[in-house]
Number of protein chains: 2
Amino acid sequence: MGGEDALLPVEPVFLKSLRDHVYSLVRDAIVSGRLKGGEKLNERQLASQLGISTTPLKEALRVLEAEGLVRSEPRRGIYVTFNAAQAEEMMLARAAIESMIARQAAKRVNEDQIARMRALLVEMRAGLETVDVLQLIALNERFHNVIHEASGCDYLRRLQSGQNIYNHTARLSVLSEERERFLAVEEHEAIASAIAAREPDLAERLMRDHVIRSGEKHLVRVSQAGN
Amino acid sequence: MGGEDALLPVEPVFLKSLRDHVYSLVRDAIVSGRLKGGEKLNERQLASQLGISTTPLKEALRVLEAEGLVRSEPRRGIYVTFNAAQAEEMMLARAAIESMIARQAAKRVNEDQIARMRALLVEMRAGLETVDVLQLIALNERFHNVIHEASGCDYLRRLQSGQNIYNHTARLSVLSEERERFLAVEEHEAIASAIAAREPDLAERLMRDHVIRSGEKHLVRVSQAGN
DNA sequence: ACCTGAAATCTGATATATCAAGCTGGAAAT
DNA sequence: ATTTCCAGCTTGATATATCAGATTTCAGGT
C-alpha cells in the first residue's frame with residue numbers, strides 16, 4: 001500500500017472500503033475515550049500511522065464531522081469534540097428518536113409483529129433465569145428491531161443508529177446487573193403492551209423513559225470506568 | 001481551476017471551502033427535487049460540471065450519505081435516496097428532537113430567557129396585524145433559538161438543524177396563510193407558558209404537536225408544488 | 001437467435017502531487 | 001527587553017494520477 005509500515009491494530013482487512021474501516025476505527029477511538037475531547041488530529045500523520053493515504057481518511061473525518069464527533073476548522077485543523085455532556089445528549093437524542101419510532105409503531109403495527117414481540121418477551125423472561133447475558137442482548141436487539149420494522153420508519157431508524165456510542169462490552173457490563181435485567185424486561189413488556197394496544201402517546205412515553213433510564217445507567221458505568 | 005468550464009449557477013465564490021459550497025449546492029438540489037430520488041450521480045461528470053476536482057466532491061457526498069440523502073454502493077455508484085416518505089420522517093425527526101430540546105429547556109430555563117421569550121411573543125402578536133411575514137419568520141427563529149439556548153443542548157441543536165429541508169421560500173409560502181400565522185403564534189405562546197412553568201412533559205408534547213402540525217403544512221405545500 | 005466469456009470501458013476507490021493559509025521562530029528595529 | 005515582521009515550515013485544501021471492481025460489448029460457439 002503506502003510507503004510506510006501499517007500501524008493498524010490488525011492489518012487492514014478488506015472486508016469493506018478503507019474509509020468505512022477507518023471511520024469505525026476513529027469513531028470507536030473517540031467514543032471509547034482513547035482519543036480525548038479537544039485533541040487535534042493531524043491528517044497526514046494519522047494517515048501514515050494507519051498506512052493509508054489521506055483521501056479515505058478525509059472522507060471518514062467528514063462523516064465524523066457530520067455526526068458531530070469532530071470539528072473541522074478550515075485551514076487550521078480537526079479537533080475531537082466529544083465529552084460527557086455530549087454523550088448524555090446523544091443518549092437523549094436516542095430517546096427522542098426511538099420514542100418517535102415507538103409512536104409510529106403503535107399506529108402501524110400488525111398482528112404478526114405483535115406476536116413476534118410477545119414471543120421475544122417470553123424468551124427474555126426465560127433468559128432472566130438462565131442469566132445468559134449474551135442471549136439477552138441479542139433478544140433486546142431483536143425486540144427493538146421488530147418495533148422499528150413496525151414503525152416503517154427507515155430514516156428514523158438510520159438516524160437512531162447513529163446515536164449509539166456503547167459497544168458490546170458496555171452493554172454486557174450493564175446487563176450483568178440482576179436488577180437491570182429485570183427492569184429492562186419489565187419495561188419492554190410495558191412498551192409492547194402499549195404498542196399492541198395502539199396507544200401512540202403511551203408507547204412514546206414508555207420508550208422515552210426506558211431509553212433515558214437505561215441510558216443513564218450506561219453513562220455512569222463508563223464515567224466510573226473513566227477509560 | 002480545472003481544465004473544464006465551470007458550469008456552476010454562479011461562479012464558485014470562495015466564501016467557504018469548495019466542499020461546503022458543493023455540499024450546500026447538492027443538498028439543496030436534492031431536497032428541492034431538482035435531483036430526483038433514485039437518480040445516479042457520476043462523480044467525475046458532476047465534478048467537471050461544477051468545475052472542481054473529485055476530492056471535495058467526494059467529501060461532500062460522504063456528508064450527504066451520513067445524512068441519509070444519498071446512498072453509496074461501493075464500486076457501483078452513488079444514488080439519491082430522498083422521497084416524500086423520507087421528507088415526512090425528517091419532519092418527525094425534527095419534532096422528536098425539538099420536543100426533547102423543549103423538555104430540557106423547561107428544566108433549565110432562567111428568568112432572563114423567559115422574559116426574552118415573552119418579549120418575542122409580544123412582537124409576534126404585533127407582526128400578525130402588520131402582516132410582515134419576513135419579520136415573523138425572523139421572530140419565529142429567534143423564539144426557537146431562545147428555547148435552544150435555554151436547553152443548553154448544543155448537540156441536539158446541531159442534530160436538529162440537520163433535519164431542515166425547507167428553505168426560506170417554503171417558509172414564506174406557508175406563513176403567507178393568515179390562519180397559519182395565527183396558529184403558530186398561539187402554539188408558541190402555549191409552549192412558552194409550559195417552559196416558563198417548568199413543565200417538561202407539557203412543553204415536550206406541545207412542541208412535538210406544533211412541529212408536526214406545521215411540518216405537515218409544509219409537506220402538503222411542497223407536494224402540491226411538485227417541483 | 002441465444003448463450004458464453006473475455007476484452008474494452010466506465011467509474012468509484014485510493015494514492016500522490018501541488019497549492020495556499022496559518023503558524024513559528026528569529027532577526028531587525030525601537 | 002519588547003515588538004514587529006518576514007521567511008520558512010506545517011498542514012489542510014484541492015487537483016491529478018493510478019488502481020481495481022463492475023458493467024458492457026461483442027466475437028465465437030451452440
Side-chain angles (χ1 to χ4, degrees), chain A residues 1-8 10-26 30 35 38-67 69-81, chain B residues 1-8 10-26 30 35 38-67 69-81:
Chain A
M1 193 160 303
E4 333 278 326
D5 304 287
L7 297 183
L8 278 175
V10 283
E11 270 299 305
V13 199
F14 287 95
L15 296 175
K16 41 183 180 178
S17 65
L18 278 182
R19 66 158 185 257
D20 291 343
H21 204 64
V22 166
Y23 160 77
S24 302
L25 209 69
V26 178
I30 292 174
L35 281 175
E39 199 158 331
K40 182 176 179 182
L41 301 180
N42 183 310
E43 286 191 354
R44 287 177 197 189
Q45 178 188 326
L46 190 51
S48 80
Q49 279 180 348
L50 296 169
I52 62 174
S53 80
T54 61
T55 312
L57 175 61
K58 285 176 84 64
E59 294 183 52
L61 290 174
R62 248 355 98 209
V63 177
L64 290 169
E65 184 181 18
E67 289 184 14
L69 293 177
V70 307
R71 189 168 48 87
S72 160
E73 297 184 25
R75 304 271 180 192
R76 304 268 307 216
I78 295 155
Y79 298 86
V80 178
T81 57
Chain B
M1 191 158 305
E4 334 279 328
D5 304 288
L7 298 183
L8 278 176
V10 282
E11 270 301 305
V13 199
F14 288 95
L15 296 176
K16 42 183 179 177
S17 63
L18 278 182
R19 65 158 185 259
D20 291 343
H21 204 63
V22 166
Y23 160 77
S24 303
L25 210 67
V26 178
I30 293 175
L35 282 175
E39 201 159 331
K40 182 175 180 180
L41 301 180
N42 183 310
E43 285 191 354
R44 287 179 198 187
Q45 179 188 326
L46 190 50
S48 79
Q49 278 180 348
L50 296 169
I52 62 173
S53 80
T54 62
T55 312
L57 175 60
K58 287 176 81 66
E59 293 182 53
L61 290 174
R62 251 351 100 215
V63 176
L64 290 170
E65 184 180 17
E67 290 184 12
L69 293 178
V70 306
R71 190 168 48 88
S72 159
E73 298 183 24
R75 305 273 181 192
R76 301 270 307 223
I78 295 154
Y79 298 86
V80 178
T81 60

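The chains referred to below are lettered A, B, ... by the order of the sequence lines, with proteins before strands, and numbering in each begins at 1.
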Protein-nucleotide distance (Leu18(B), atom CG; dA20(C), atom C1'), rounded to Å: 13 Å
Overall bend - the helix from dA1(C)-dT30(D) to dT30(C)-dA1(D), comparing terminal axes fitted on five pairs, nearest 10 degrees: 10°
Distance in angstrom units between Leu46(B) CG and dC10(C) C1', rounded: 16 Å
side-chain hydrogen bond (donor to acceptor under 3.5 Å, both in side chains) partner of Tyr23(B), the single match among Glu67(B), Glu59(B), Arg62(B): Glu67(B)
Nearest-nucleotide comparison on DNA chain D, the residue closer to the 5′ end among Pro74(A) and Arg75(B): Pro74(A)
Check: Glu65(A) side chain, Ser72(A) main-chain N or O, donor-acceptor pair, under 3.5 Å: yes
Gap between atoms CD1 and P, on Ile52(B) and dA15(D) respectively (whole Å): 7 Å
Between Lys58(B) and Thr55(A), a side-chain donor and acceptor under 3.5 Å: no
Nearest non-hydrogen partners of Ala66(A) and Ala66(B), listed with the distance: CB-CB, 4.1 Å
Minimum heavy-atom distance Thr81(B)-Arg71(B), with the two atoms named: CG2-CB, 3.6 Å
Rounded interatomic separation in angstrom, taking CD from Glu73(A) and C1' from dC23(C): 14 Å
Point-to-point distance, once rounded to the nearest 0.5 Å, from CD1 of Ile52(B) to CG of Leu18(B): 6.0 Å
Leu57(B) CG to Arg19(B) CZ distance, which is reported to the nearest 0.5 Å: 13.0 Å
Least distance between heavy atoms, Leu35(B) atom then Val80(B) atom: O-CG1, 4.1 Å
Euclidean distance, atom CG of residue Asp20(A) to atom P of dG12(C) [Å, nearest integer]: 16 Å
Whole-Å gap separating P (dA21(C)) and NZ (Lys16(B)): 18 Å
Sole residue of Ile30(A), Val26(A), Val63(A) in side-chain contact (heavy atoms from CB on, under 4.5 Å) with Val70(A): Ile30(A)
Within residues 54-63 of chain B: residues closer than 4.0 Å to DNA chain C (heavy atoms): Lys58(B), Arg62(B)
Any residue of residues 38-45 of chain A with a heavy atom less than 4.0 Å from an atom of DNA chain D: Leu41(A), Asn42(A), Glu43(A), Arg44(A)
Distance, nearest 0.5 Å, that separates CG of Leu46(B) from CG of Leu41(B): 6.0 Å
dT23(D) OP1/OP2 closer than 4.0 Å to side-chain N/O of Arg76(B): yes
